[in-house]
Each structure stands twice: as structure tokens, then as C-alpha cells.
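Only one structure is covered here, and it is reproduced in the block below.
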Amino acid sequence: MSFSKILRFSDPSSLTSLGITLMLMLMGFIYYYFYSKASSSNSSAPEIMVSTSTSSIQKRFKYDVFISFRGEDTRKNFVDHLYHALKDKCIYTYKDDEKIQKGQRISDDLFQSIEESKFYIIVFSKNYASSSWCLEELVKIMECQKMSEHTAYPVFYDVEPTEVRNQSGSVRKAFFKNKKKEAAEKWKGALKEAADLAGWELKNTLDGHEAKFIKKIVQEISLQLRPINLGFDEKLVGMETRVKDVVSSLEVGTDEVRMIGIKGMGGAGKTTTARAVFDHLSNFEAKSFVKNVREVSNGSVSGLKELQEQVLSDVLNVQVTLRNVDDGKDMMKWRMPGKKVLLVLDDVDHIDQLEALASGPNWFKPGSRIIVTTRDEQVLVAHRVNLIRDIDLLSDKEAICLFSRYAFGTENPVQGYEELSGKVVRYAAGLPLTLKVLGSFLCGKDKDEWVDAIERLKEIPLQETLKKLELSYMSLEDDYKEIFLDIACILKGRIKEYAIRILESCGFHARNGLKETLKKLELSYMSLEDDYKEIFLDIACILKGRIKEYAIRILESCGFHARNGLKVLEQRSLITISKDEVLGMHDHIEEMGKNIVRRSHPDEPNKHSRLWIDEEIEDILANDKDNEATSCLKLDMQRGNPRILMKGLGKMKKLRYLDVDLPHFGYQSDPKFDYLDVDLPNSLKYLKCWDYPFLYLPKTFRANNLVGLEMRSIRMVKLWEEGEKKVLKKLKFLSLNQTNLTTFDFRITPNLEWLSVKFSDNLKELCMPVTCQKLKHLEIHYSKLRSFDLGLTPNLETLSLYDCVDFVELHVSVACPNLKFLNLYGTSREVALRSLDLELIPNLERLDLRSCRKLVEINAPVGCLKKVGYLNLGGFRFTGFEFFGRSEPNDSRSSASLVLAQQWPEYCPLHPNSNLPQLQFRCSYKECLPSSVGNIEKLISFGLCACTDLKKFSDIICSLQCLTSLTLKCNIPEFPKDLGQLECLEELYLSSTKIKHLPDSICMLKHLKSLTVDRGDLLEKLPEDLGKLECLEKLKVSSKKIKYLPYSICMLKRLKSLKVKNGDFLDKLPEDLGQLECLEELHVSSSKIEYLPDSICMLKRLKSLDVTECCLVKLPEDIGRLESLERLDLSATQISSSNICMFKHLKYLKLSSCDLLEKLPEDLGLLECLEELDVSSKKIEYLPDSICMLKCLKWLFVTECCRLDKLPEDIGQLESLERLALWGTMIKHLPDSICMLKHLKHLYLSHCALLEKLPEDLGRLECLKYLDITDTGISHLPQSIFGLKDLFFAAPPELLQLYDFPSEMQTRTSNIR
């Protein structure tokens, strides 16, 4: 108890004098309690640092822009105009003929100027590349461009980007005289790099008008140079990114009138961001920032008129006076279109404000931009704002920075305060206002005070923006008022720690006094209509974290229009709805809502409208306190007697929602719970009770207002005790979980719409009247239910009987047009259902019959499953049958795909004596078809047991309409003969080890694009008329017995890919293979093929040639004519040398297991596009030096080359190399230049037995992630290797034992491949 509570006064005058005395004593208290602490000599508060360096301060440059150009081309025209346009905008620009002082060395001065410039404009003209000086200048610019603070923009004046990039056209002619100079390669690289940058091309911009072109360049450079004005708050964090995002959305520079909205909760930084954007933008003829639109317009009858006057005065630059708002609208519509304006309307909360200040685009000149900030998204939506952006809260990193600036004056928490700072930042949850206030409040306080403040935040939310505590007694929060009165009346003169001990004993947080407002957040709440306020408070106190639809059910049961309500709350940023449809809200908004509930009676929870704190609820119920206020209650009870607590609930006469989780132990078998004398209030509309301890609902509970009921109780045997016949007329939603019910009688719930009975193992019967007209959802899990009659539930939409293993019959006596979802599946146990009639369920959308393994027959005539979008069958026919996503075709083209993959049953348990083949499939079917086709019904029609009539099977497959893709993986002796009837087929995949030939009807498939024959071990030939497949683009055949390809294959003019694998008897390819003019990919594998036909050199589009394991000795002489070739695989061939260096576009070259290959071509370096090279040969002794010229090479695998004993010394020139594998070679040392491979990630050296050491500077390979030196002669490691972070290192165990490796490195003894 507070000492102030024991004082009593009977004379009113004494109260007045006490008030005056207390106010005087307040000043003494403030000095004693705060300033004396600050001056205490033993204070451990952190020292406050003045920060002069922030992350937002950028490097200052001497020049804004550096122009690089060829004087003879552009000095007196384009560049001169550009230079003066930049100068007129006060952009300090370097142009060499203007700035170089006489007598100075040009190069030194120029290079320094490049380094001291922020932006570079490179004007590429026809003769630019003829000047070695321009090229050296460009190289320097490209070096600086790679630094984060410099940006280069190419301007293509009278040349194209491709000419600069490839040194072609006029650029090639200009560069010719520099081509043989020592620096030529460096210059070419700089030209290519610059041409790849984003820039401007004159002929393709603004129709080639130079003046407009220059204006555009200057505008964009000006926008980039303009700093974000942080002057109004030096402690801002993360503003630059947010401003850039908003500026990007504004699309400044386009001629449309564009209005964007910035929405978010109070205190999130909407105004700050809008102000920063406003100060950042300059290319407008007039600007106006209108603050506090809501406050001003609502504050007086002339508020809106005053705001109109402000806008007009700012735009017209004269003082404007208006008679009324309508007068203002007329004048704005008349005068505003004369200027391109930037208008910011801050904190708008009603569409009337927008109608008066920015009615529509016709009020503004093209190019104008309007920014509106608001808490209410609907205002923006109703006004048809172009784009609405959410304000981003601060990230954790930004939050800690902002808080530290206010708390410590530094970028990060001072030592010793990191953990405490983290707690504060987590509490603030990214809200800038909270971080500022808490940072300012905690500034200069010691750790004890920090801990006390943080503990207080857990119990008492912030009340208002921090003000100076000493201003007045009235500004103190209630608990601090109590502390003040105790000190003023009793404790003045006491030692500080003694006073703290007494106050804390009385339950106060005595070390700190914190006042933080939620007023900004509460503004959005205050503008809500009354019913939406109630919904908001229900969510803040009870329903946060619930699934949206579940919350709607509860709220609608309580009489609210919940769907609209949630939409309004979301639009006003008071709640969020996640992708998973979960209701959420910011922690501070939640606190604000809870504070609204309890602030009227902070010390009397029994007077709160909502209760959610378990201790308070248990105290109210156990002590039988009066409660006439509570409407919602949520209790998770861990202890106590449920009888006593539930007895107290009966006195809560206004309780509409009750969610109680009772203890689940100790009373299940207690006889005293068989007879209940507890009560529940008749006002209840939704009751949820987990671990209900009684056999029935209370006798005294009339429940005539109950709409929703959820119960979990292993003791409950019935809703009402025997003899009770209460009818729950309003009950719509009923969930019974883990009960002991044996029957459920629908007669006591005549208006029930939703019933769920789960894990009630004893439930055997549903007692139904003639019909249950309103039942829409029925869900029974784990019961002994045996049958159900759908005819008694004509409006049922969902029926789910999950793991009801005794269920044998679903009666469908009349049409059930409303049933959409039917789930009769089981999991670990088989459902007894043997037949199912779907004929009278015409609108079924989802059917799940998994684990119905005894199901033999489904009656589904064509058309009855026309709306099914998901189907999953059980039975022995299908180990899995899945159908996904029926949808109407978007165009006139219909499509369907079927995959049948055979499994292997030993027998059909339903027909063990059958002589038919036993086939079991995994089936997947998808379609986009009109609903009348009936393919699904056909697939189901040939039965669900494993016994298979192959003729019927073939007939059904060939009768499927609009089938575009078919996959058959089944070991049947022949595929359906009439496959040619599938006239829409585009993809056909056939796999069988028993098939000897393909049906000739395949050649009738006029639309077939892809044909794959896999695992055709017995297949001897392809159809002779295969060439009739005029649309075929892909042909893949895998067969060990096929001897030749039919000649007609050369007629496949659209064929892009031809693959023949495992062709052990195939000895040649057709001589006219070159007629396949569209062929891009040719893969052939046969040990009998010794040569490729010469006509192959005519394949101009061929990109990939793979002849792995062919007995090739050489390639055709004209193979170099394959000008598009990018991938060449000659692995395991007999080639000893090759003419491969003519392939200018080759990216991948594989020569593994080429045991006759003696050397690689000396001019291998000509393959300038090569990215991967894989070589293994027992005869190769060296690698050609030209290999070091492969600038694009990323993978180099030289393995099992047992005669290779060294690498080229300049291997380090492979600047793009990421993987180097040398395992199984005789290499004795690694060149030092290997340490220059700055992108190398993988280095494999295993089984290099003669390699004894690694280069000392190997640690320079900062990207290295994998290093393998297992089975080498290396006995010690260079010290530099221990600096490689996150290295995965494989080495012999005896070597690993010699060193202590850093924790960041992982080691192993087996090799890495």
C-alpha cells in the first residue's frame, strides 16, 4: 500500500493548501530524485559521446562531374553545350581545356582530377578510341568506377554501344592505330567495361534532339547529386534508402501528374520520410509542404480553408486569402495548372481533405508530384492514388544505431550496455518514435536504472511522448504520482537507497520515471466507429495470432460485421494479415489497445472489459469479486481448482467470449466432478474450453445466446445430462475434441452449420432428424462411424471422415449439388469402404480417398467430376493417384498430361486367384480442359484393383481427349497400338525393358514435338516412317540392340535435339544428317561408331556435340564450320589430336579418358569464350602456355594425367578461374602465380604424390573455400593458409595433428570431390 493512501482530510481548504504545498515540493523532489543522482560521484552511467561522424556523411569531392571526350569530335558542340548546362545548374564540372594550368604535366593533374570527381560522363564519339590519351583516361575512370562513391555514365554520341563494346564499325577503325600498342588489351577491356554500364544513347533518346538530350542528362545528374537534407534531425538513420525508394516511385521526369501515398502506423516515420523527399527534390517550379492536415482541418471550421491558403501562397508566391473552401477549390483549379509543383499533404485522415487540397490530376500541370501521408489506406484507395507505399520500420541494425545516437551519442552501444540496448530495441520493434524517446530517457542513467526501466516496460506500456518530468505533477503517470506523494508527505529527507527499498516493497518501480506516449498510435483508433473499436480491442487483447477465418467466426458469433471490420483495421495500419492469413499487430499497437482497456481502472481488473492476464483472472474468480464489465476473457489455467474458478464465471453477466484452458491432470477420474454445481453466464456467445472436467454442461447454463462452442474433454459423455432437453437454437459452430460421446443428436442443434468431432473414438452414430437443412461442414476424425446418408444434409459443402476405419457406406439417395469437398481418407489404417457412387454429386471440387485400399469400384459417369480440381485415390490399382488443377483454358487450346509409372505388387489381395496381369501404378494427371471431356472418369473406370485387362487399359489410354503429354513407364510387352489416335499429343515418353518395337501409329502424331524411348533394352529398330513427325523437335532413344536410324530421320526439319544412348550395335549415323538444319544438340554413344558423316559440318545451329564412348579417331576436316558450337564432349574416344581451336564460341570442352591424346593444341588460347576444360589422358606431358590466355575460364580439370609434371608459370593469368583440379598428376610444385587467382574457390590436389609443398602466399586466395591435399607429399602448411575464413580443408591425418586450426576452418581426412 502507498503511504499517501493512509492520509485523510475532512477540510476542503486543507486539500487546496496541500495541492499548493505539493507543487512546491515537486521541485524539491525533482532536484533530489534526478539531479542529485546525475551528480553522484559513484555513478556508473555511461559517458555520453558527441558523435561527429555518422554513416550518412559522405566523402566530399572537389568536382561533381568529370567529362571525358575526344576534342576534335565534340569540344565545340555537344560537350560545350553539356558543360555550360551543368555549370548553369551549379554543378562543378571538370573539362580538360578549362581546368589544366599551363606548365603542368597533364597526366598527373588529370588523374588527380579523376580521383577527385564523383561522377564521370564519358562521351563516346567516332574518334574517341583513336586517342591513346582518351583511352588512358578511360582506364583510370574504370578503376575509380569500381569504388562505391564514384559512378560513370557512358554517352554514345554518334556511335552505338555494340561498336564500343566489340570495337567494331567506326570504333574499330579509330582503334586500329592503337591495336598493336603494349596497353591495347587494357584499353579494349576498359572500352568493353564502359559500354556495359547504364548510360544514354543520343539516337534512341528523345528522337535524337541534342538540347532535350542534354537537359535529361543534367536533370539526372542533378538528382543524383542533391543530398538528402538531414538538417532537421541530425540523428536520422536509414533515411537515404527510404528517400530513394519514394523518389523512384515518383518517377520524376515523366510528364504525367503522379500522386503517391505513404501509409503506416503513428510514429513510424511517415512525416520524416516525406519531409526528406521534399527537401531532396528540386526540379519543380513551386513546392509546398502542408503539415498536420488532420489536426488543422479538424481543429477549427476554417481549418481546410487555411490549408488551401497555405498551398496557394506557396505556389503563387503571394499571400492568398480565401472566403471559404469552395472558393479555394475554384482558385486552385484555376491557378495551380500554371506551375509544375511538388505538394506534400501530411497526415490526411479524410477524403474531404484531399478533395479540397488535391482533387484530381486536372488541378496540376503535367510533371507535378503529390505525396500524401496517412494512417488510413482507405482514404488513398477512395481517392484513386496512383501508388500506395507502406512505411518501412527500422531494421535491427538501423534501430540499434538510432537508439545509440540518442542514448550514447555514438553509432553503437557503449561497452557493457550491448545486451540492455538489445532488449530496448526488441521492445521498440523498429518504431522510430519509441527508440528516440527511450534513448533520450535512458541517456546518462546507470545499469540499475536501465534494468528497472526495462522491467517496467514489461508491465506498463508507454503513455505519451517524453516530456520534462519536472514540468508539473499532472504530467506524471499514475504510479509516479503515487511515488511523488509518498516522498512529499512521508519520505522527504530519507536516504535515497532507503526510500527506494520502501517504495519497491510497496510494488513501485522506484528507480525510474518514464513517460512515453501512445497518443500517435491512438489517433487511428479514435477515428474508428464504435463496433470497429470493439473488434480492434478484441484482437489486441485476445485474438492476435489467430487465423483470420477463425477470428471472423468468433467475432461474427459475437454479433460483429467482422470482414469489413478487419479490412478497415488493416487499411488503417492497426492490424496486419500475413501470407498465412494470421492476424498480427505491432507490439506497441497491441500495448495501446490493452492500455485503453485498463487505463480507466488500472488497479481494478474486475472492471476491465477484457481480461487476459492469468493471475488477475484467477484472483477475481477465486475471491468472488463482482464483475459487471468483462465481455471477453482468456485464461490459461496452470493450477487451482477448476470448480471454484468456473463457479466465479457465472457472475460475469456481460461475458460474451470465454476461452479457458483448464489443468489437464488430477480430476479425470475424480468422482466429485461427476456432479457439477458451477454456472456459466447466459450472455455467452462463444465458449471455448479445453480439458473441461465435467460430464456435461452445467444445468443452470441456458446457453440460449450461444453461437459457437468448442470443447475438449475426455470426460464429457453428452452435452446435457440425461433428461435435459435444452435446444441450442442459435448454435452455428460446434467442435468436440477428445470426448467420450457415443452418439450425437442433431435435434438439439437445429441451426448448426459447422460440426467437428475429432478423436472421439467411441462415436458410433449421428442421430439426425429428417433433414439438417443448415449443416454446411461436417468433420469426423477417428470414430467408429459406419455409414452416413448425404440425403439428410442437402446443403452440406464439406464432408471429411478422416481415419474412420469402420466406415463402409456413403448413402447418396438424392442429388447433392452443394457438396464440394469429400474426404474419406485414412493414414496408417485402411478404410473399409469398398464402393463409392459419385453420380449424384455433380459439383465436387476435391475428392481424397487415400488409404481406401479396399475400394474396388467408383461409379463416376462422364461429366459427374467436371469441377474436380484435386483427386487422390487409394485402392490397389494406384499406389498414388493425384489430379491437380482443373481450369478452363485461357485460349482455344486445350491440354492434358498423364504419367503412369508401374509399381510391383506380388498379387491382388482382393482377387488372389485372378489370371490377369497384376499392374499397379503411380499416376499423376493434370488438365486444362472444358469440363465435358471426361478424361478423369475414364481413368477411374477400369477399376481400382490390381488385375489388369491390357486391351481395356490400351483402349482407355487411347480414348483420352486433348492429351498433350503422355508418360508410360511400365514393363508391358507392347505399348497401345492406337497411340496415333492421340492427335493432340506433343510429348511422348515410353519406357519398357520388354518392348521390341514401337507401334507404327506413332508416325501419325502430327503435333508430336518430343519423343523419348528409355530403357528399351530389347528395342531393335525405330519406325521407318519416323520422318513423318514433321513437328518433332526432340528425339531421345536408349537401346542396346538398335542397329541403325531410319533414313527418314533426316526429313525432320524442326528437330533440335537428337540423342542416341547405349547404342552398342549402332555403327554409323545417316550420311545426310546435315539436312537437320535446326539441330542444336547431337549426343551419340556407341562403341561401333568410328567416324561422323561429313555432312555434320553443315549444322550451322549446332551448339552441343557429345560423342562420348564412340570409337572416333578423328573429327571431320571441316568441323570448324560449326560456328555456333558451345559444348564439345569427346570423352572416352580414340582421338589423338584435334582441330578444335576454330570454335570461337566454345564454352565447354571435355576430353576426359582420351587415353590416346598426346597433347593439347598449342593455340588453345584462341578459344576466348571457353569457361570449362576437362582433360584426362595418360600421354599428356604438359599444358600449352597459351592456356593462360583463357580469360573466361572458370573450371580447369586436368586429372589422371600421369605424365604431367608441371603447370605453366603464368597460370595466375586465368583471372576468372574458380575451380582447379589436378588430382592424379605428377606435378612437383605449384607456380607462385597461382596465388593471383583471386576468384579461385576450389583447389583439388589429391593423389599428387610428388607435390611436397604449397606456395607460401596461398593465403592470398581469399575466395578459397575447398582445398584437398590428401595423398600428397606435403608435410607442412604455409602460415598464410590459417587466415582463410570458412575453408573446408582435406589433408592426411598426420598433417592435421601438427596444427591448431581456427574454429572457422573445417577439416577432414578423406578427399573432396
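Side chains included, hydrogens not; waters and symmetry mates left out as well; all remaining heavy atoms used.
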*asked:* Applying salt bridge (Lys or Arg N to Asp or Glu O under 4.0 Å) to Glu549 and Arg553, what does each step give before you reach the verdict?
replied: CA-CA 6 Å; Glu549 287 301 320; Arg553 184 199 306 170; over 6 Å; no
*asked:* Determine whether Asp346 and Thr271 satisfy the following criterion, side chain to side chain donor-acceptor pair (under 3.5 Å), listing intermediate values before the conclusion.
replied: CA-CA 6 Å; Asp346 175 52; Thr271 302; 2.7 Å; yes
*Stepwise salt bridge (Lys or Arg N to Asp or Glu O under 4.0 Å) test for Arg610 and Asp538*: CA-CA 8 Å; Arg610 291 153 182 87; Asp538 281 358; 2.6 Å; yes
*Would you check, one step at a time, whether the test side-chain contact (heavy atoms from CB on, under 4.5 Å) holds for Met331 with Leu316?*
CA-CA 11 Å; Met331 188 171 185; Leu316 303 177; 4.3 Å; yes
*Assess whether salt bridge (Lys or Arg N to Asp or Glu O under 4.0 Å) is satisfied between Arg546 and Glu581, documenting all intermediate values.*
CA-CA 9 Å; Arg546 299 288 191 182; Glu581 294 285 287; over 6 Å; no
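Within the 4.5 Å cutoff, the side chain of Leu543 has no heavy atoms near those of the Tyr550 side chain. Within the 4.5 Å cutoff, side-chain heavy atoms of Arg598 are placed close to those of Ile613. Ser368 places none of its side-chain heavy atoms less than 4.5 Å from the side chain of Leu343. Looking only at side-chain heavy atoms (C-beta outward), His350 and Val379 stay at 4.5 Å or farther from each other. You'll find the side chain of Val315 stays beyond 4.5 Å of the side chain of Asn317, heavy atoms only. Side chains of Trp363 and Val257 form no contact here, defined as non-hydrogen atoms less than 4.5 Å apart. You'll find the side chain of Leu322 reaches within 4.5 Å of the side chain of Leu312, heavy atoms only. In this structure the side chain of Ile371 never reaches within 4.5 angstrom of the side chain of Phe278, judged on heavy atoms.
Taking all atoms of both residues into account, the shortest heavy-atom contact from Pro413 to Ser421 is CB-OG, 3.5 Å. Considering every non-hydrogen atom in both Ala358 and Ile370, the closest pair reads CB-CG2, 4.4 Å. Between Ala429 and Asp587, the shortest heavy-atom contact is CB-OD2, 4.3 Å. Taking each heavy atom of Ser300 and Glu306 in turn, the nearest pair found is OG-OE2, 4.3 Å. Minimum heavy-atom separation, Ile400 to Gly422: CD1-N, 4.4 Å. The two residues Tyr153 and Ala198 have their closest heavy-atom pair at CD2-O, 3.6 Å.
To the nearest 0.5 angstrom, Cys632 atom SG is 11.0 Å from Ile539 atom CD1. Distance check: Lys118 NZ to Thr151 OG1 gives 6.0 Å after rounding to the nearest 0.5 Å. For the atom pair CE (Met259) and CG (Leu345), the distance works out to 7.5 Å, reported to the nearest 0.5 Å. In this structure, Tyr532 OH and Leu569 CG are separated by 8.5 Å, a value rounded to the nearest 0.5 Å. The CG atom of Leu380 sits 11.0 Å away from the CG atom of Asn386 when rounded to the nearest 0.5 Å. Taking CD1 of Ile262 as the start and OG1 of Thr374 as the end, the distance is 11.0 Å to the nearest 0.5 Å.
Salt bridge status for Asp390 with Lys263: present, with a side-chain N to carboxylate O gap under 4.0 Å. Salt bridge absent: Lys287 and Asp279 never bring a charged side-chain N and a carboxylate O closer than 4.0 Å.
Between the side chains of Arg572 and Ser527, at least one donor N or O lies within less than 3.5 Å of an accepting N or O. If you check the side chains of Asp347 and Thr373, you find no donor sitting under 3.5 Å from an acceptor. No side-chain donor from either of Gln571 and Glu377 sits under 3.5 Å from a side-chain acceptor of the other. Side-chain atoms of Tyr427 and Glu591 include a donor-acceptor pair closer than 3.5 Å. For Glu309 and Ser313, the side-chain atoms include no donor-acceptor pair closer than 3.5 Å. Side-chain N/O atoms of Thr410 and Arg405 include no donor and acceptor closer than 3.5 Å.
For the pair Lys445 and Phe441, the cation-pi criterion (under 6.0 Å, within 45° of the ring axis) is fulfilled. Cation-pi check for Arg369 over Phe284 is not met; the charged atom does not lie both under 6.0 angstrom from the ring centroid and within 45 degrees of its normal.
Panel note: side chain Ser248, backbone Lys244; no donor-acceptor pair is recorded below 3.5 Å. Judged by distance alone, the side chain of Asn324 and the main-chain N or O of Asp326 form a donor-acceptor pair under 3.5 Å. Remark: side-chain polar atoms of Ser302 are not paired, donor with acceptor, to backbone N or O of Lys305 under 3.5 angstrom. Formation of a donor-acceptor pair under 3.5 Å by the Lys270 side chain with backbone atoms of Ile391 is not found in this model. In this structure a side-chain-to-backbone donor-acceptor pair under 3.5 Å is missing from Asn292 to Glu295. In terms of modelled atom types and a separation under 3.5 Å, the side chain of Thr254 and the main chain of Glu251 share a donor-acceptor contact. For His383 (side chain) and Val385 (main-chain N/O), no donor-acceptor pair under 3.5 Å exists by modelled atom type.
When the shell of 6.0 Å around NZ of Lys533 is examined, it contains more than 12 heavy atoms from other residues, nucleotides or ligands. Enclosure of atom CG in Asp396 is not indicated, since only 12 or fewer non-hydrogen atoms of other residues, nucleotides or ligands lie within 6.0 angstrom. The neighbour count for Glu419 CD, taken as heavy atoms of other residues, nucleotides or ligands under 6.0 Å away, does not exceed 12.
Among residues at least two apart or in separate chains, there is no salt bridge (charged side-chain N to carboxylate O under 4.0 Å, His left out) pair with a member in residues 329-341.
The aromatic ring centroids of Phe408 and Trp450 lie less than 6.0 Å from each other.
Residues that satisfy the side-chain hydrogen bond (donor to acceptor under 3.5 Å, both in side chains) test with Arg426, not counting sequence neighbours, are absent from this structure. Listed by chain and residue number, Arg242 satisfy the side-chain contact (heavy atoms from CB on, under 4.5 Å) test with Asp392 (two or more places apart in sequence, or in another chain).
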